[in-house]
Each structure stands twice: as structure tokens, then as C-alpha cells.
Amino acid sequence: MRHIAFFLFAIVLSSTAALCQSVPAAIFTDPPADSAHPASMSVLHIPSHGVLINGVLYASSGPGPHPTLIICHGLPGNEKNLDLAQAVRRAGWNAVTFNYRGSWGSPGQFRFVQNIEDAGAVLAYLRDPANASRLGIDTRRIAIAGHSMGGWVTANVAAHDSALLGAILISAADMSALPQRATRDRVVAEMADDMESLAGVTAESMADDLIANAKGHEFATTVDGLAKLPVLVLSSNDGLAPATDALVKALQTKGDKSVTVIHADTDHGWSDHRIFLESQVITWLATLHAQ
């Protein structure tokens, strides 16, 4: 019996080792303590078009400057992917999250195209030499990621910023395409489910804002710019994959060979694939880190 018990224990150990090999250590292991350069969290107040939007820096441990990932949340932003931010930090990257104007306590009124402007303002803030020095940001190694609407923000920002290290689209929603394929009433109905913590809006005003102002920011308009960058496209079973599949095909038609595509059998929020999501992002970021 003792030999059988040992044999079973060995099987468990080998299975655990195999699992650990497929999941980056940063998912389940804290980094070594560094008393001189500890990991930290800082509140940021980022200037954007006359107001200061709210942000948070999850600073990695160790002497900097560090590569940095900006994470853009979706509509309205209930899922902010803070577990991803923490995992990225354990992997040696800084992570920055922020709230667009008029969302989650950031001043101003929420407007869709403003979200793209705000993400650009975050980039400008982190690249400012004084801020970069104070926060430990390696301005040559900044990547941007976005979930859902944040993927639309990410695509539009990255398409006009070739200095970025790369871009990550997570279940990205092409917000500009929505009013083109749905009636106003349908758009209003969708906005009514996504209004919490947004300032200065009604479902009707959000629909009209999207219809009037978002055109010209479709995924199709980002192809030329994104083709200059490494891009990671992560899709799920939420009905949005065809739009990102079309974007990927357009990039590949342009001759872009630096697009990585991963589909997961999960929901829009990656509810039962969080470890998988973190693993894919960290593994892909490591390829950029090596450049």
C-alpha cells in the first residue's frame, strides 16, 4: 500500500508540474521581495482636455524603469481586469488602469470618442519625462490593451501611435459599427444596459452620441496603423469574434505577420478563463520584452 500511495503522490506531483509549466509563474508566484524597490500602487491624476481623470499605477518591484501596459476598460467598465493588471505586474511590467471622462468618478461627461482621447492623454502623461522618471516608466516599452469597448479604444489609439510596443484586443467591440448594423431603438436598448457609473448620459443620449460621432473610428480604419505593430487578438463566444476576425484578415492581407489570434470557449468577461487570459497576455508580452 505504501508503494501505491507513493505512486499516486508521484502522479499528482507530475500533473502539478505539467500544469505549472503551461502557466507562467507570475500567475501563481509572488516576485522576490525587493526592499530597495518594492512593488507599489499609486493613484494618478491624469490631465485630459481640461480635467484630471483617475488612474492607478501598479508598479512592479525591482529597479526600473519597467515596461508598462495600459489597460482600457469597456462599457461601462464593470470588468476592469484588475487581476490581469496584478498578474502583469508580477511578470515584471508596470500596469496602468484609468477611467475615461465621466466614468467611475472621473470628472466630465461621458462621450464615446472622448475615450480615445483619454487613452491618448494617458500615453502622453506616462511619456512625459518627469512622470516617467518618477513612476519608473520605460517610455520605449509601452503597450496598450483593451477589453470590449476598450478594445475599440485600443485599436484606434494604437493605429496612430507606432511608438507603442504592441496592442492587445480582448473581446473587442467595434463601437463604430454598432449604429450601422442596428436601428436607433436597438442601440438605445443596448445602451440602457450599460449606463451605470457614467455621468451626464441617458440611454438616448448615448445612442445619439454613438450614431453622430463614432463613424470614422471603425476597425477597418485602423488597419493601416495596426499593421505596423505586433497585435494580440483574443476573442470569445460573445458574438464579437467575426468583427475581430475581419480585422485580423485585413491585417494579414496587408502582409502583417505579427498578429497573434487566440479564441477561447468562454463568455465576454472570460469568467471561467481568467488564468488562461492572464497566461496568454503575459506570454505574449514576454515576446515584446525580448525585442
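FYI, side chains are in, hydrogens and waters are out, and symmetry mates aren't considered; it's all heavy atoms of this structure.
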Please tell me if the side chains of [X] and [Y] come closer than 4.5 Å, counting only heavy atoms from C-beta onward.
X: Ser279; Y: Pro24; result: yes
X: Leu247; Y: Val223; result: yes
X: Leu277; Y: Ile170; result: yes
X: Leu126; Y: Asn94; result: no
X: Gln180; Y: Lys215; result: yes
X: Ser171; Y: Ser236; result: yes
X: Tyr100; Y: Cys72; result: yes

Closer than 3.5 angstrom, by distance alone: can the side chain of [X] be matched with the main-chain N or O of [Y] as a donor-acceptor pair?
X: Asn131; Y: Tyr125; answer: yes
X: Thr222; Y: Ala159; answer: no
X: Ser133; Y: Ala130; answer: no
X: Arg89; Y: Ser40; answer: yes
X: Glu278; Y: Gln86; answer: no
X: Asn156; Y: Ile116; answer: no
X: Arg274; Y: Gly269; answer: yes
X: Thr154; Y: Gly146; answer: yes
X: Thr244; Y: Ala241; answer: yes

Could you pull out all donor-acceptor pairs under 3.5 Å where a side-chain atom in residues 46-57 meets a protein atom, sequence neighbours excluded?
from: Ser48; atom 1: OG; to: Asp118; atom 2: OD1; distance (Å): 2.5
from: His49; atom 1: ND1; to: Arg101; atom 2: NH2; distance (Å): 3.4
from: Asn54; atom 1: ND2; to: Gly105; atom 2: O; distance (Å): 3.3

**OP:** Could you pull out all residues at least two apart from Phe110 that satisfy ring pair (Phe, Tyr, Trp, His ring centres under 6.0 Å)?
**Re:**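 Scan of Phe110 (ring pair (Phe, Tyr, Trp, His ring centres under 6.0 Å), adjacent residues dropped) gives Phe112.
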Which pair of non-hydrogen atoms, one from [X] and one from [Y], has the smallest distance, and what is that distance?
X: Val201; Y: Met195; result: O-CE, 4.0 Å
X: Trp152; Y: Ala214; result: CZ2-CB, 4.3 Å
X: Gly74; Y: Ser148; result: CA-CB, 4.2 Å
X: Ser103; Y: Leu198; result: CB-CD2, 3.6 Å

**OP:** Output yes when Asp161 and Arg127 qualify as a salt bridge under the 4.0 Å nitrogen-oxygen rule, no when they do not.
**Re:**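 So Asp161 pairs with Arg127 through a salt bridge.
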**OP:** Show your working on side-chain contact (heavy atoms from CB on, under 4.5 Å) between Leu82 and Tyr58 and close with a plain yes or no.
**Re:** CA-CA 10 Å; Leu82 300 185; Tyr58 296 88; 3.8 Å; yes
**OP:** Give the C-alpha distance, both sets of side-chain angles, the deciding distance and a yes or no for side chain to side chain donor-acceptor pair (under 3.5 Å) between Asn237 and His263.
**Re:** CA-CA 8 Å; Asn237 298 337; His263 182 82; 2.8 Å; yes
Original post:
Just wondering, are more than 12 heavy atoms of other shown residues or ligands nearer than 6.0 Å to CZ in Arg140?
Top reply: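 No, CZ of Arg140 has 12 or fewer neighbouring heavy atoms, counting only those of other groups under 6.0 Å.
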Original post:
Does NE2 in His160 sit with more than 12 non-hydrogen atoms of other residues, nucleotides or ligands closer than 6.0 Å?
Top reply: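 Open: at most 12 neighbouring heavy atoms sit under 6.0 Å from NE2 of His160.
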Original post:
So Phe98 and His73, would you call those rings parallel, tilted or perpendicular, with 30° and 60° as cut-offs?
Top reply: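 Judged by the thresholds at 30° and 60°, the geometry between Phe98 and His73 is tilted.
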**OP:** Decide whether His273 and Asp267 meet the rule of one side-chain donor and one side-chain acceptor closer than 3.5 Å.
**Re:** no
